[in-house]
There are 2 protein chains.
Amino acid sequence: MVPAGGENRAAATSAAMPSKGRATLRDVALLAGVSHKTASRVINGEPGVTDAKVAAVRQAIAKLGYRPNFTASSLRRAGGRIAAIAAVLEDVSNPFSSALHRALEDVARERNVMIFAGSVDEDPERERALIDAFTARQADALVIVPASANQRYLADVINAGTPVVFADRPPVGVDVDAVLSDNHGGAAAAVHHLVAHGHRDIAYLGDLRTITTAQQRYQGFREALADHGVRPQPDHVVHDLHTESAARDAAARLLAGPTPPTALFTSQNLVTIGAVRALRDHDRQHQVALVGFDDFPLADLLQPAVTVVAQNPAEMGRLAASLLFRRLDGEHWMPTTHFVPTTLIQRGSGEVIGPHA
Amino acid sequence: MVPAGGENRAAATSAAMPSKGRATLRDVALLAGVSHKTASRVINGEPGVTDAKVAAVRQAIAKLGYRPNFTASSLRRAGGRIAAIAAVLEDVSNPFSSALHRALEDVARERNVMIFAGSVDEDPERERALIDAFTARQADALVIVPASANQRYLADVINAGTPVVFADRPPVGVDVDAVLSDNHGGAAAAVHHLVAHGHRDIAYLGDLRTITTAQQRYQGFREALADHGVRPQPDHVVHDLHTESAARDAAARLLAGPTPPTALFTSQNLVTIGAVRALRDHDRQHQVALVGFDDFPLADLLQPAVTVVAQNPAEMGRLAASLLFRRLDGEHWMPTTHFVPTTLIQRGSGEVIGPHA
DNA sequence: AACTCTCCCGACATCGATGTCAAAACTTGC
DNA sequence: GCAAGTTTTGACATCGATGTCGGGAGAGTT
């Protein structure tokens with residue numbers, strides 16, 4: 001009997017070096033001359049294995065370059081977590097999205113959780129496709145910056161128990177946690193600031209009206225003006241600017257008009273930069289005030305430096321991630337919307353004095 | 001017998017709505033009154049299923065909100081691909097990394113392949129941890145921007161047949177495809193440009209010398225100067241600047257020195273911006289020339305606008321991704337290094353005239 | 001009506017790993 | 001030296017899904 005066992009093991013050993021493909025636990029066990037369960041024990045540091053066998057298994061692992069298949073083990077493990085969450089972002093390469101992404105990563109890193117990231121590009125179909133792809137790959141949780149009109153299609157995902165947090169834009173048709181900027185308040189702060197510096201004729205240059213944050217910023221703009229008894233001039237309100245060049249053209253048109261505004265409020269990054277270019281083109285950057293929503297790199301190095309209502313994408317990412325992980329840890333609460341404050345950063349362009357000072 | 005079968009199915013049906021957790025193929029099959037293999041056939045569009053059963057399965061899928069577990073099926077499918085690749089980047093939130101990331105995504109999207117992304121932050125341990133985590137999760141391929149001194153530890157991964165491409169920095173100790181900027185040539189072009197504009201005393205402000213690209217850019221700088229018979233002044237060469245403020249301080253020190261350089265060559269983004277700030281602080285931005293390696297947003301809006309040697313991260317990402325996918329498609333070739341050309345973009349700061357014009 | 005011949009279906013094995021549990025090997029106590 | 005107790009071990013079932021293949025139902029033929 002014992003010799004027979006020895007023979008088996010010797011035979012197994014000689015067959016245990018797979019030249020192609022990845023070594024599996026079975027290969028390790030064969031090479032080490034133990035059962036795969038024992039090898040599993042060694043790998044997971046479970047007690048109850050002789051030192052000699054531990055050493056044999058370790059050696060086999062090193063020799064084969066074995067790496068456990070986390071995916072396969074998550075199939076069996078309770079809860080089936082793969083220790084990866086998904087981020088459905090607007091565009092991984094834009095500064096806001098990538099700052100959010102980075103903040104998620106920093107929180108996830110502490111738990112050895114990896115991140116799937118994808119760009120929606122304001123395309124609702126792409127949003128669904130990404131979410132399908134991430135859930136099919138068993139992402140443990142989702143952070144979503146939605147582009148679609150409503151997200152009822154998420155019901156199944158949520159019912160299945162996958163934690164979902166919306167970031168930057170509120171959920172529509174589903175009830176989940178959300179982490180949003182104070183868009184309304186931030187826009188209003190910009191308007192109050194401009195009014196305080198003597199402006200009444202403030203133009204609004206805004207992003208696509210399908211984007212909730214653009215709507216909220218426009219609301220904040222209107223209401224703050226109304227607080228001062230001012231109604232925006234209809235032709236000084238331009239919506240649906242989604243690229244830098246569209247914004248530049250729109251701002252140029254305003255500046256070349258018969259009664260140009262004395263100040264501009266731009267509701268988004270690229271729009272702000274387009275407006276800066278237009279002001280520069282017309283050499284009006286020191287005459288017409290500008291406050292932009294959302295900060296951007298180098299805003300302080302322009303001349304004049306650009307006054308902005310800064311969001312805090314890093315804080316949003318941290319908060320979103322911590323909500324997800326608390327749910328993954330088993331905490332329960334009613335879905336809640338969290339607002340992250342905005343900050344008015346005065347740099348010069350917003351402090352150009354207007355006619356009513 | 002037939003009645004018994006009918007009873008079983010009825011019983012199964014009534015038990016087939018799991019209230020918690022995700023519905024599985026088994027749940028679908030039970031609800032539809034078919035075997036799980038038949039349900040699998042319907043889902044994968046395989047022939048050989050009655051219309052009536054197809055309809056029953058479809059209905060069950062809709063009712064349960066069933067979503068296939070891609071992870072589990074990849075276990076069984078030949079090759080075991082999970083249709084996800086991993087990007088090990090310097091920092092997902094910096095413009096270079098995120099442009100690379102985005103380009104990878106664009107290529108991957110055409111194949112419905114998702115992307116894991118992670119930030120190394122120049123930490124070799126983090127690099128290994130990320131690669132371990134991604135391979136444990138069965139990423140089909142890896143794009144790596146390495147931070148470590150050598151990557152011999154990748155041997156197992158490569159032997160297992162996982163395609164690996166290095167981007168931006170060359171592999172050391174392993175033989176894999178690489179997609180690099182022409183760092184040497186780009187730096188040399190910057191120097192030639194400055195010399196042509198009358199500069200001889202050109203300072204070098206560079207990133208950590210552990211970073212290969214920084215080494216190559218420094219080499220290009222030195223050799224191009226040598227071509228003109230010029231040796232850099234030792235105290236006008238500053239290495240190991242890895243933050244904007246370190247670069248600003250270093251540039252300030254140079255400008256305040258007894259014989260300040262007439263031009264600066266900065267080897268990296270943040271260093272360039274730090275130098276811009278220092279020049280601005282000393283109001284020398286129109287007297288001292290500046291050429292930076294790597295373009296950055298708004299460089300054209302500064303005054304003077306910043307002349308740069310632009311890299312092409314998007315092209316690097318596209319190329320890296322296409323190499324990976326060709327290997328995943330089964331193509332074979334010897335590992336090759338591809339160089340992506342750089343472009344000198346003249347914007348003003350690099351065209352400040354020097355004393356030898 | 002009996003017999004092929006398709007065609008469809010579902011029991012079974014499998015992917016890589018882990019939880020269960022009873023048998024085997026060991027130790028200890030008398 | 002033997003029974004009792006403890007530690008180690010590995011066969012087995014399982015996670016969710018797919019490939020294999022023999023068997024059964026139905027259609028078509030004579």
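Chain letters run A, B, ... following the sequence lines, proteins first and then strands; every chain starts at 1. These values consider heavy atoms only, across backbone and side chains, with no hydrogens, waters or symmetry-generated copies.
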Contacts under 3.5 Å, N or O only, protein and nucleotides 21-26 of chain C:
none

Which pairs, protein N/O on one side and nucleotides 13-17 of chain D N/O on the other, fall under 3.5 Å?
{"residue": "D/dT14", "atom": "O2", "partner": "A/Arg76", "partner atom": "NE", "Å": "2.4"}
{"residue": "D/dG16", "atom": "N2", "partner": "B/Ala72", "partner atom": "O", "Å": "3.1"}
{"residue": "D/dA17", "atom": "OP1", "partner": "B/Tyr66", "partner atom": "OH", "Å": "2.9"}
{"residue": "D/dA17", "atom": "OP1", "partner": "B/Asn69", "partner atom": "N", "Å": "2.7"}
{"residue": "D/dA17", "atom": "OP2", "partner": "B/Leu25", "partner atom": "N", "Å": "2.5"}

Closest nucleotide among D/dT9, D/dA11, C/dC9 to the A/Lys37 side chain: D/dA11

Pair B/Glu122 + B/Arg169: basic N to acidic O under 4.0 Å: yes

Sugar-phosphate, base or nothing in reach of B/Glu46, heavy atoms under 4.0 Å: sugar-phosphate

Within 6.0 Å of CZ in A/Arg26, more than 12 heavy atoms from elsewhere: no

Beyond-backbone contact of B/Thr337 with B/Phe166, side-chain heavy atoms, under 4.5 angstrom: no

Over 12 non-hydrogen atoms of neighbours within 6.0 angstrom of CD in A/Glu125: no

Phosphate-side-chain proximity, A/Thr38 and D/dT9, N/O vs OP1/OP2 below 4.0 Å: no

From CA spacing to verdict: side chain to side chain contact (heavy atoms under 4.5 Å, CB included), B/Gln138, A/Arg67: CA-CA 10 Å; B/Gln138 306 299 106; A/Arg67 288 155 178 262; over 6 Å; no

A/Gln59 atom CD, neighbour heavy-atom count above 12 within 6.0 Å: no

CA sep, side-chain torsions, deciding dist, call: B/Thr24, B/Asn69, side chain to side chain contact (heavy atoms under 4.5 Å, CB included): CA-CA 8 Å; B/Thr24 73; B/Asn69 182 334; over 6 Å; no

Audit row: B/Ile131, B/Val88, side chain to side chain contact (heavy atoms under 4.5 Å, CB included) steps and yes/no: CA-CA 7 Å; B/Ile131 291 171; B/Val88 179; 3.9 Å; yes

